[in-house]
Amino acid sequence: MGSALAGPWVLFAGLILGTIACNYLLVRYFACTQSRAPWATVVTVMVLTLGVACIALIPVDIFNVTRSRDPQENAETIKGLYLTGYMAMVLMSFVVAPFAYFYHEESEDPDSTTAERMFSALKWTLMTVIILVICLILGLTLKLGHFDTAEDWLKQMFDVEHRGMQLAIFLISIMSLLGLFAWIFYTGYGLAAFPVNVIRGRQ
């Protein structure tokens with residue numbers, strides 16, 4: 001029985017390792033050869049792999065509920081993985097990825113030093129952190145209809161008993177909304193440009 005329950009976790013680990021390899025090859029293939037940076041490749045691979053890992057947790061969770069004699073046995077582990085993955089996505093989306101992007105932009109200036117590039121990247125990354133804080137403040141101050149008092153909303157948001165799962169879900173909802181806008185504006189161009197770029201090949 002133990003080996004049967006360990007099967008999904010082995011497949012999950014294998015999927016993550018395979019995803020890392022595929023993402024690395026994908027990023028290396030489509031990255032511009034003139035401005036390729038190893039740390040930017042690492043950050044991109046981490047972001048893509050993290051997204052796939054959070055999605056891959058869903059079938060593992062379903063298998064645990066349907067096939068296990070005691071679904072609560074691994075429930076806390078899976079919940080912890082969900083929460084860790086969500087918070088890592090927030091950290092990558094609002095801190096790590098913006099810093100890597102802005103640092104790469106500053107690296108195009110050959111006269112700038114490493115300290116100057118890091119300071120400029122941190123300055124612009126601070127803006128994304130401020131946006132995150134504003135979203136949190138709005139989420140905490142906007143009172144929903146099914147909460148009687150603001151205290152109830154705060155307790156629900158920072159649910160200590162469930163290790164802040166509601167806060168993680170709220171942050172993921174914000175990221176999903178931002179991703180929706182990006183998808184709307186960039187999908188049209190991407191669908192038209194992708195086959196053209198594939199035909200032209202790498203530059």
Side-chain angles (χ1 to χ4, degrees), residues 2-31 39-101 125 128-129 131-132 135-136 139 156-159 162-191 193-195 197-198:
S3 60
L5 291 178
W9 294 108
V10 174
L11 292 176
F12 178 76
L15 175 64
I16 298 305
L17 293 177
T19 301
I20 293 175
C22 292
N23 288 336
Y24 175 77
L25 295 175
L26 183 69
V27 172
R28 291 284 294 182
Y29 180 80
F30 286 104
W39 47 266
T41 301
V42 171
V43 171
T44 306
V45 170
M46 288 174 58
V47 172
L48 294 175
T49 303
L50 186 60
V52 174
C54 291
I55 296 174
L57 273 175
I58 298 175
V60 175
D61 191 5
I62 295 174
F63 182 88
N64 176 65
V65 173
T66 57
R67 299 295 295 274
S68 177
R69 294 181 179 178
D70 185 12
Q72 297 299 324
E73 182 179 356
N74 296 320
E76 290 300 319
T77 301
I78 295 177
K79 183 183 293 186
L81 289 175
Y82 272 125
L83 185 59
T84 302
Y86 289 162
M87 300 311 294
M89 288 180 64
V90 172
L91 179 65
M92 295 293 294
S93 300
F94 287 94
V95 180
V96 179
F99 177 82
Y101 172 78
T125 304
T128 62
V129 176
I131 293 175
L132 173 62
C135 292
L136 288 176
Q156 182 72 9
M157 198 55 147
F158 297 101
D159 193 354
H162 296 87
R163 297 185 292 183
M165 184 62 73
Q166 294 296 328
L167 179 60
I169 294 174
F170 178 73
L171 293 176
I172 292 298
S173 300
I174 294 175
M175 293 169 54
S176 300
L177 181 61
L178 296 177
L180 176 63
F181 284 116
W183 177 78
I184 292 174
F185 286 109
Y186 286 102
T187 299
Y189 171 79
L191 288 175
F194 180 75
N197 291 335
V198 170

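These numbers were taken from a predicted model, which means no experiment stands behind them.
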Separation between CG (Leu17) and OG1 (Thr49), nearest 0.5 Å, reads 9.5 Å
Please report the shortest heavy-atom distance between Ala53 and Ile16, naming the atom on each side.
CB-CD1, 3.4 Å
Which pair of non-hydrogen atoms, one from Leu15 and one from Ala56, has the smallest distance, and what is that distance?
CD2-CB, 3.4 Å
Rounded to the nearest 0.5 Å, how far apart are CD1 of Ile62 and CG of Leu57?
11.0 Å
Quick one: closest heavy-atom pair of Val95 and Thr125, and the distance?
O-CG2, 3.5 Å
Taking all heavy atoms of Leu178 and all of Phe94, pick out the closest pair and write down the distance.
CD1-CZ, 4.3 Å
Measure the OG-CG distance between Ser93 and Leu132 for me, rounded to the nearest 0.5 Å.
10.0 Å
Might you confirm whether atom OH of Tyr24 has over 12 heavy atoms from other residues, nucleotides or ligands at distances under 6.0 Å?
no
Heavy-atom closest pair (Cys54 atom, Met89 atom, distance to 0.1 Å) is SG-SD, 3.5 Å
Any idea how Tyr82 and Tyr86 line up, ring-wise: parallel (<30°), tilted (30 to 60°), or perpendicular (>60°)?
tilted
